[in-house]
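Order of appearance sets the numbers: ligands from 1, and atoms from 1 within every ligand. None of these values were measured; they are calculated from a predicted model.
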Amino acid sequence: MDNLRSLKARLNTKINAMLCSKNGSELGCLQESIAFSADLLGWLKMQSCYPQFYWRSRNPAQSDSEVIAALGEVRRFEDVRQANLFIQAQPFTLIGGLTFDGKGYFCLPRLLLQQHDNHLRLSLFWDNLQDWERERQALLQVLQGLESCAALSAPEYPIRPLAAKAEAQQWCSWVEKALQYIERGELNKVVLANQTAFVSSRPINPIDLLAESEKCNNGCYHFLFARSAHQAFLGSTPERLYLRRESHLYTEALAGTAAMSEDKEFNRQQGEWLLQDSKNDYENRLVVQDICDNLRPISRQIEVGEVSLKQLRRVQHLRRKISAELNPGYADEACLQAIHPTAAIAGLPRRKALDFLAATETFERGWYAGTLGFMNKSGAEFCVTIRSALIEGNKIAVFAGAGIVSGSEPEQEWREIERKASGLLSLLQKRGEQSCQ
Ligand SMILES: C=C(O[C@@H]1C=C(C(=O)O)C=C[C@H]1O)C(=O)O
Ligand SMILES: [Mg+2]
């Protein structure tokens, strides 16, 4: 990491030579770009500043793919409105998102690394309203490990189940209850989830697990958010909440699920079945309806694409892409509030589904089925944080849910959430050079 070593030396010199710039602006920023391809997960593993944030966009092959790693926090916004006002006024990127319940966490980090192809862009931020000596120390500290990069090791964590929040039987009774609400016409869809906890004989390294997931769970966004060294939320999700480029908005309805295995012929048959199965199609169409209805007040030219398959390692989904043109004056505050939580992870009608979930599920969703990403004045991208887990020391709690609609069968939905959870859980046992299955 020679490039990073010389970059660090350069930045240290600049910071030490700098006086607090009382030029009227509240925030200070130093930016550098170098031609360098960094392993940002290996880098993150060596860092000791918190909070830590990592986010990789879903299509690494595309030229506009983005990998972000960030450390520390110079400004924090819990109100999405304030966060949105900030990016309208400042040429900076905020990272963060909303929990399932819509609690906001956005921050301007102390150090932001953005990798585009072979270009690494580094941004350092400080607050001119703070004591400069304190800010200077914080800047030097966040740069301390800049050139460090750890090897990522294959996760090897023999785990044993601690407890599922609901065992199969109880969870199936939640589904039965949902079906009664649906039959009575009180709900069209509700997405019931479960949380299952496991314990390992040693602390689980969230970064090693995420690195393994990046290798195996292709076609996904990969994310990690750790507010402290004791807790990390991470996952690999196939689902986009939205991508915004100026006023162009790209979102999708991802719902309806079939199995995937190592057998190509089995996968093809399952895919064909999924494409013509009316219950799964209905599950997906309700999400289309929900997203379009919620976009209508803030946008025009809403277009819904043809149905297609999104194939992953353990499951495959129906997907319909949706695009729209935001009306003047609307940006990320409006998009986040309009779209999240979609009927792919909450239900329809939204309010009734949320009440049903609050009264039924016996665990806190927290960041599960929330959204994480980044936003600045010209664009934003957020993923839906499903296929995710919360790691605290030796413990890992894995989340998975399934959309319940008329025609759902409890045992089948249970198998669906077990398959979804296995996308991460199957990676905890040493596989090393073995294939990703
Ligand atoms: C809720 C989850 O996934 C959602 C539910 C799906 C379904 O029920 O078919 C499919 C994709 C996601 O919209 C999850 O993975 O936890
Ligand atoms: Mg389903």
Side-chain angles (χ1 to χ4, degrees), residues 58 100 164-166 171 174-175 178-179 182 188-196 213 217 219-221 223 233-241 251-260 270-271 273-275 277-291 307-322 339-348 353-354 357 361 363 365-371 383-390 397-425:
R58 189 169 60 179
F100 175 72
K165 282 297 165 182
W171 195 83
W174 297 352
V175 177
L179 287 169
I182 289 166
N188 291 313
K189 174 177 179 177
V190 63
V191 185
L192 273 168
N194 200 13
Q195 186 209 73
T196 316
S213 185
N217 288 320
C220 290
Y221 294 90
F223 55 88
F233 176 74
L234 61 89
S236 298
T237 174
E239 188 165 346
R240 169 183 283 168
L241 185 68
T251 173
E252 64 191 21
L254 187 89
T257 305
M260 284 286 279
Q270 284 283 310
W273 168 82
L274 184 59
L275 281 168
D277 181 64
S278 56
K279 177 254 178 189
N280 278 288
D281 189 55
Y282 177 58
E283 227 180 297
N284 185 276
R285 281 181 189 279
L286 289 176
V287 181
V288 173
Q289 183 194 325
D290 170 63
I291 291 177
V307 70
S308 64
L309 291 174
K310 172 86 184 158
Q311 297 196 314
L312 304 163
R313 192 164 62 92
R314 291 290 169 99
V315 287
Q316 50 187 318
H317 299 301
L318 294 178
R319 173 167 71 180
R320 285 183 172 88
K321 294 187 176 179
I322 301 169
I339 305 176
H340 175 76
T342 72
I345 42 103
L348 199 72
L354 292 177
L357 292 173
E361 289 178 350
F363 60 95
R365 286 192 174 199
W367 281 99
Y368 162 69
T371 183
C383 64
V384 181
T385 49
I386 51 173
R387 317 297 145 87
S388 51
L390 184 70
V398 180
F399 302 89
I404 310 305
V405 294
S406 168
S408 279
E409 286 176 25
E411 292 76 21
Q412 241 165 39
E413 301 295 347
W414 174 259
R415 280 196 290 278
E416 186 173 311
I417 65 168
E418 293 245 286
R419 224 177 274 122
K420 285 169 179 162
S422 75
L424 277 182
L425 275 178

- Is the ring centre of F233 less than 6.0 Å from the ring centre of F223?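 Close enough - the centres of the two rings lie under 6.0 Å apart.
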Element-labelled atoms of ligand 1 that are located less than 4.0 Å from some non-hydrogen atom of [X]:
X: A400; answer: 16 (O)
X: E416; answer: 7 (C), 8 (O), 9 (O)
X: L254; answer: 11 (C), 12 (C), 13 (O)
X: G403; answer: 7 (C), 8 (O)
X: T257; answer: 6 (C), 7 (C), 9 (O), 10 (C)
X: E239; answer: 12 (C), 13 (O)
X: H317; answer: 10 (C), 11 (C)

- Item | Nearest atoms (heavy-atom pairs only) where E413 meets A402 |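 Smallest heavy-atom distance, with atoms named: OE1-CB, 3.4 Å.
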- Query: For V287 and A255, which heavy atoms make the closest approach, and how far apart are they?
  - Reply: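 So the minimum-distance heavy-atom pair works out to CG2-CB, 3.8 Å.
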Closest non-hydrogen protein atom to [atom], residue and atom name please, with distance?
atom: atom 5 (C) of ligand 1; value: K420 NZ, 3.3 Å
atom: atom 3 (O) of ligand 1; value: R387 NH2, 3.2 Å
atom: atom 2 (C) of ligand 1; value: G401 O, 3.3 Å
atom: atom 4 (C) of ligand 1; value: A344 O, 3.5 Å

- Query: So, the side chain of T371 versus the backbone of C383: is there a donor-acceptor pair under 3.5 Å, distance only?
  - Reply: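 The answer is yes, because a donor-acceptor pair under 3.5 Å joins these two groups.
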- Query: Taking S388 for the side chain and L234 for the main chain, is one N or O donor matched with an acceptor at less than 3.5 Å?
  - Reply: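 No: the side chain of S388 does not pair with the backbone of L234.
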Counting only heavy atoms, which portion of [X] has something under 4.0 Å from ligand 1: side chain, backbone, both, or neither?
X: I386; value: side chain
X: V191; value: side chain
X: Y368; value: side chain

- Verify the distance criterion only: is there a donor paired with an acceptor across the side chains of N284 and R320 at less than 3.5 Å?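 The criterion, which ignores hydrogens and geometry beyond distance, is satisfied for R320 and N284.
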- Query: N/O/S atom of E416 under 2.8 Å from the Mg ion (ligand 2), yes or no?
  - Reply: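 Yes - counting backbone and side chain alike, E416 has an N, O or S atom under 2.8 Å.
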- Are H317 and K420 close enough that some pair of their side-chain heavy atoms sits under 4.5 Å apart?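 Yes, at least one pair of side-chain atoms sits under 4.5 Å.
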- Message: Tell me whether the NZ or CZ atom of R365 lies within the 45° cone about the ring axis of F100 and under 6.0 Å from its centre.
- Response: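 That pair qualifies as a cation-pi contact.
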- Message: Using the side-chain contact (heavy atoms from CB on, under 4.5 Å) definition, which of the options I417, N194, L390, I386 pairs with F399?
- Response: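 So the option named by the test is L390.
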- Message: With a cutoff of 4.0 Å, is A255 in contact with ligand 1, counting heavy atoms of the residue only?
- Response: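 Flag set, A255 near ligand 1.
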- Which value, rounded to the nearest 0.5 Å, describes the distance between T257 atom OG1 and L274 atom CG?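 With rounding to 0.5 Å, OG1 (T257) is 7.0 Å from CG (L274).
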- Query: Which distance, rounded to the nearest 0.5 Å, do you find between the CZ of R240 and the CZ of R319?
  - Reply: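 Going from the CZ atom of R240 to the CZ atom of R319 covers 8.0 Å.
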- Item | Closest E283 atom to the Mg ion (ligand 2) [N, O or S only] |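 Of the nitrogen, oxygen and sulfur atoms in E283, the Mg ion (ligand 2) lies nearest to OE2.
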